[in-house]
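So the structure is just underneath, and the comments pick up after that.
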Number of protein chains: 2
Amino acid sequence: MPAYKKIQAAILQRIEAGELKPGDAIQSERELAKIHQVSLMTARHALGSLERDGVVLRRRGSGTFVAPPKVHFNKLMSFTEQMTGRSLRPASTVLSFGIVDEEPEVAARLALTPGTRLIRIERVRQGADEPFALETCYVSADEFSKLTRPALERGSLFSILEREYDIELSYADEEVDATSADATTARLLRIPPAAPLLRIRQVIYSTKGRPIIYVLGLYRSDRHNLLIRRFR
Amino acid sequence: MPAYKKIQAAILQRIEAGELKPGDAIQSERELAKIHQVSLMTARHALGSLERDGVVLRRRGSGTFVAPPKVHFNKLMSFTEQMTGRSLRPASTVLSFGIVDEEPEVAARLALTPGTRLIRIERVRQGADEPFALETCYVSADEFSKLTRPALERGSLFSILEREYDIELSYADEEVDATSADATTARLLRIPPAAPLLRIRQVIYSTKGRPIIYVLGLYRSDRHNLLIRRFR
DNA sequence: AAGTGGTCTAGACCACGGC
DNA sequence: CCGTGGTCTAGACCACTTC
């Protein structure tokens with residue numbers, strides 16, 4: 001492990017342990033260099049990328065300080081993670097699980113040739129026993145042949161892909177708009193027909209930048225809202 | 001201007017001039033150091049922050065390359081900028097312009113004391129002569145006393161704040177959900193009553209991290225969708 | 001004045017990619 | 001193999017903040 005990463009790890013550990021709280025001063029660059037027996041440039045590099053990750057704030061002439069607690073904006077999280085983060089017990093019901101080969105638009109979004117066989121999964125997502133969303137997701141059937149309905153009912157899709165296929169998911173591009181519930185959706189989500197829904201079409205990419213999952217989600221707008229941070 | 005910024009500027013200029021296209025190789029770190037008469041570390045610093053800004057991709061053993069064209073994900077843009085980016089002629093109609101002092105929730109979002117006087121502006125936003133959205137925005141009345149209705153009808157709020165008050169807007173936190181149009185909104189946006197709308201509540205911050213503007217926007221979902229990128 | 005972060009030098013060795 | 005980016009050294013001066 002490079003020296004600068006060791007320095008970062010040491011600082012992160014002190015923050016996680018609660019030894020350093022937001023606003024507290026970190027050791028100066030020169031102190032860090034001395035303590036870790038590295039040159040000033042290396043200590044600076046360590047702080048530089050901690051700063052870019054939002055862990056730390058540097059003020060010239062004054063020092064380096066622990067940044068305010070991270071707000072989880074623009075974070076890609078599985079449904080399970082979202083729910084547990086809000087301390088709601090997550091649950092899912094698989095409505096359907098099957099293979100389709102006539103979804104050229106979805107295939108295109110996954111950068112696959114039009115006729116490719118896809119696994120199509122329809123789920124109702126629940127939190128605290130209330131339905132939150134209706135999600136339809138697609139992955140390549142040939143690539144993820146080990147993905148079965150029982151496996152999905154046990155664990156989350158994210159974790160299956162990460163564990164069984166060694167695919168690290170990295171980011172998602174989302175298209176968000178509003179729509180209103182049709183009769184079936186309304187019944188499944190236990191809302192009045194034509195109630196407003198947040199519609200999110202999501203392409204989830206691996207660390208290599210390859211599209212892996214396509215998700216169409218319909219979210220009850222009385223139970224869900226997006227938090228986004230945009231930059232100028 | 002620091003040497004590393006000069007190097008960045010030189011590279012950015014070559015990209016903007018079309019001399020370097022996405023995927024093209026940039027000069028190597030050693031070449032840049034020689035050309036600009038700086039040490040290797042300085043050339044590396046220049047490329048390092050260009051990479052973090054997504055301008056450039058570095059591949060060890062291979063070289064540094066112009067990144068694919070920036071997708072405008074998670075970009076804070078004024079309505080005018082959004083429309084011109086889609087080559088639609090932007091227009092706005094100011095429906096109301098006045099001072100309110102009984103909006104404690106809005107004041108709170110702007111980190112002002114509850115009774116603070118606020119300028120409240122209601123506008124219909126149009127693109128290509130079609131109504132797109134209904135926006136209500138709030139700014140501190142005491143701080144932005146030069147903000148008048150005629151000024152707003154001439155230029156955008158963003159540009160007034162940036163030019164007249166030297167405030168650089170930096171980022172926005174948004175809360176997005178779906179709702180349906182009430183009778184007035186439907187009439188103003190020329191959509192059927194109860195049609196689905198995208199509701200965006202936005203707090204826009206200055207570079208100093210101070211909240212400046214609060215905006216409540218109702219967007220026709222048939223004309224507008226959000227593009228978001230989320231990271232794991 | 002002392003200490004901090006910001007920039008910079010002129011070298012070095014390593015790990016990786018493509019030929 | 002050679003060239004690339006990735007890490008690192010042991011110093012230096014500057015601009016800024018704090019006291």
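This structure is a prediction, so every number in the text was calculated from the model and none was measured.
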Legend entry - Length of the CG-P vector between B:Leu32 and D:dT4, whole Å: 11 Å
Legend entry - Euclidean distance, atom NE2 of residue A:His45 to atom P of D:dG5 [Å, nearest integer]: 15 Å
Legend entry - Short N-O contact, B:Glu81 and B:Lys75, less than 4.0 angstrom: no
Inset, instruction - May I ask you to decide whether B:Arg117 forms a salt bridge with B:Asp101, counting only side-chain N to carboxylate O separations under 4.0 Å? - result: no
Inset, instruction - Indicate the ring-plane relationship of A:Phe79 and A:Phe132, choosing parallel, tilted or perpendicular according to the 30° and 60° boundaries. - result: perpendicular
Inset, instruction - Using the six-membered ring wherever Trp is involved, compare the ring planes of A:Tyr4 and A:His45 and label them parallel, tilted or perpendicular (cut-offs 30° and 60°). - result: parallel
Inset, instruction - Would you please say whether a donor-acceptor pair under 3.5 Å links the side chains of B:Gln27 and B:Arg14? - result: yes
Inset, instruction - Could you check A:Gln37 against A:Arg59 and say which one's nearest nucleotide on DNA chain D is further toward the 5' end? - result: A:Gln37
Legend entry - Residue met sooner reading DNA chain D from 5', once A:Gly61 and A:Tyr4 are mapped to nucleotides: A:Tyr4
Inset, instruction - Select base, sugar-phosphate, or nothing to describe what B:Glu51 touches, counting heavy atoms under 4.0 Å on all strands. - result: nothing
Legend entry - Comparing A:Leu40 and A:Ser62 on DNA chain C - which has the more 5′ nearest nucleotide: A:Ser62
Legend entry - First and last nucleotide of DNA chain C, 5' to 3', lying under 4.0 Å from heavy atoms of chain A: C:dG3 to C:dT9
Inset, instruction - Taking atom CD of A:Glu164 as the centre, report whether more than 12 heavy atoms of other residues, nucleotides or ligands fall under 6.0 Å from it. - result: yes
